[in-house]
Amino acid sequence: MICAATSLSRVDLLVRPETPVDAAAAARLQSYAQRRIAREPVSRILGSRGFWTFDLHVSRNVLDPRGDTECLVETCVSLLANRSGAPLRVLDVGVGSGAILAGVLTEFPQASGVGLDLSREAADCARENFERLGLSNRTLVLEQDWREPLRERFDVVLSNPPYIESDVIETLDPEVTGHDPRLALDGGADGLDAYRSIASLAPSWLKSGGLLLVEIGCSQSESVTALLDAGGFEGIETRQDSGGRDRVIQARMRS
Ligand SMILES: C[S@@+](CC[C@H](N)C(=O)[O-])C[C@H]1O[C@@H](n2cnc3c(N)ncnc32)[C@H](O)[C@@H]1O
């Protein structure tokens with residue numbers, strides 16, 4: 001926040017910490033600090049969040065992309081390493097700021113994809129981020145419910161759906177309850193509503209043998225595995241994030 005308020009670089013701060021700042025910069029920093037004391041996340045104050053290898057614009061109406069979600073991008077990159085030359089069509093269900101799709105497309109120059117989101121603000125934010133990252137010509141953002149049919153089948157489907165139990169939301173930190181949109185958090189009474197939809201709909205989104213990767217809450221591995229198993233997926237495995245918590249489930253459409 002100091003760098004953003006003063007235009008000093010991190011190196012300036014380290015090597016010349018005594019550099020005086022003008023009154024306007026000091027006032028800006030004071031206002032940032034007051035907002036942070038009121039539990040507004042830094043990414044909301046600055047309108048930007050570092051994710052994967054880039055910075056994303058974060059508007060007021062999208063989920064603040066989390067570091068944990070990089071586990072999904074990482075899993076996708078490792079599973080598709082042998083596809084580096086082949087064209088790849090990717091679907092991001094609940095695209096939000098565009099974090100996941102942007103992460104994967106920046107790693108696979110021959111890949112292109114569709115991001116969809118029910119929220120118009122999220123769709124606008126994803127479009128803006130794809131434009132900033134030079135990905136507009138490889139992306140299409142649809143403002144629609146994931147229950148609406150899609151005209152195409154994809155090689156890969158990725159999703160970080162809302163997965164918090166409705167009753168738990170109000171108990172989370174003020175940074176979350178006061179700033180992340182409820183539509184991005186609320187997974188219904190048991191947190192699994194979105195996975196039920198995905199388990200039943202993903203077979204119509206994927207090509208045969210296609211890859212499904214979903215982010216999960218750290219206690220949801222067993223329930224989501226059961227839903228995907230009942231949905232006819234195979235090779236279902238859970239991956240852990242860098243903190244050792246269950247974070248991503250991978251599965252394949254039967255060939
Ligand atoms: C947890 S956020 C994930 C955002 C982004 N993919 C990320 O990882 O940062 C879930 C997203 O799903 C969207 N969403 C919720 N219900 C939806 C529905 N029925 N159809 C389409 N999108 C939906 C929300 O608007 C939100 O942007």
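All ligand and atom numbering here is 1-based and tracks the order in the structure. All values below were derived from every heavy atom in this structure, side-chain atoms included, with hydrogens, water molecules and symmetry-related copies excluded.
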Exercise. Considering only heavy atoms, which of Val95, Asp117, Ile100, Leu63 lies nearest to atom 26 (C) of ligand 1?
Worked result: Asp117
Exercise. Salt bridge between Asp180 and Arg66, side-chain N to carboxylate O under 4.0 Å?
Worked result: yes
For this session: Could you pull out, from Pro181, Ala194, Gly96, Gly94, the option with a heavy atom nearest to atom 11 (C) of ligand 1?
Result: Gly94
Exercise. Does Glu237 pair with Arg252 as a salt bridge, N-O distance under 4.0 Å?
Worked result: no
Seminar exercise, completed: The single option from Leu213, Asp68, Thr69 that satisfies side chain to side chain contact (heavy atoms under 4.5 Å, CB included) with Asn160 is Thr69
For this session: In plain terms, say whether Arg36 and Glu175 are close enough for a salt bridge, that is, a side-chain N and a carboxylate O under 4.0 Å apart.
Result: yes
For this session: Scan side-chain atoms only and decide if Asp246 and Thr238 contain a donor-acceptor pair under the 3.5 Å cut-off.
Result: no
Exercise. Salt bridge (charged side-chain N to carboxylate O under 4.0 Å, His left out) between Glu128 and Arg132: does it pass, once the steps are laid out?
Worked result: CA-CA 6 Å; Glu128 183 183 335; Arg132 285 163 172 236; 3.2 Å; yes
For this session: Return the residue, atom name and 0.1 Å-rounded distance of the protein heavy atom closest to atom 20 (N) of ligand 1.
Result: Trp146 N, 3.0 Å
Exercise. In the protein, what heavy atom is nearest to atom 10 (C) of ligand 1, and what distance, to one decimal place, separates them?
Worked result: Asn160 O, 3.4 Å
For this session: Give the atoms of ligand 1, by number and element, whose distance to some non-hydrogen atom of Gln144 is under 4.0 Å.
Result: 20 (N), 21 (C)
Exercise. What is the nearest protein non-hydrogen atom to atom 22 (N) of ligand 1, stated with its residue, atom name and distance?
Worked result: Leu118 N, 3.1 Å
For this session: Name the closest protein heavy atom to atom 15 (C) of ligand 1, giving the residue it belongs to and the distance to 0.1 Å.
Result: Leu183 O, 3.4 Å
Seminar exercise, completed: min-distance protein heavy atom vs atom 1 (C) of ligand 1 -> Ala184 O, 3.0 Å
Exercise. What residue and atom, counting heavy atoms only, is the protein's closest point to atom 19 (N) of ligand 1, and at what distance?
Worked result: Asp145 OD1, 3.3 Å
Exercise. Just which atoms of ligand 1 are under 4.0 Å from any heavy atom in Thr69?
Worked result: 8 (O)
For this session: Please report the C-alpha distance between Arg254 and Ser208 in whole Å, then the side-chain angles of each, then the deciding distance to 0.1 Å, and finally whether the side chain to side chain donor-acceptor pair (under 3.5 Å) criterion is met.
Result: CA-CA 6 Å; Arg254 290 218 166 88; Ser208 106; over 6 Å; no
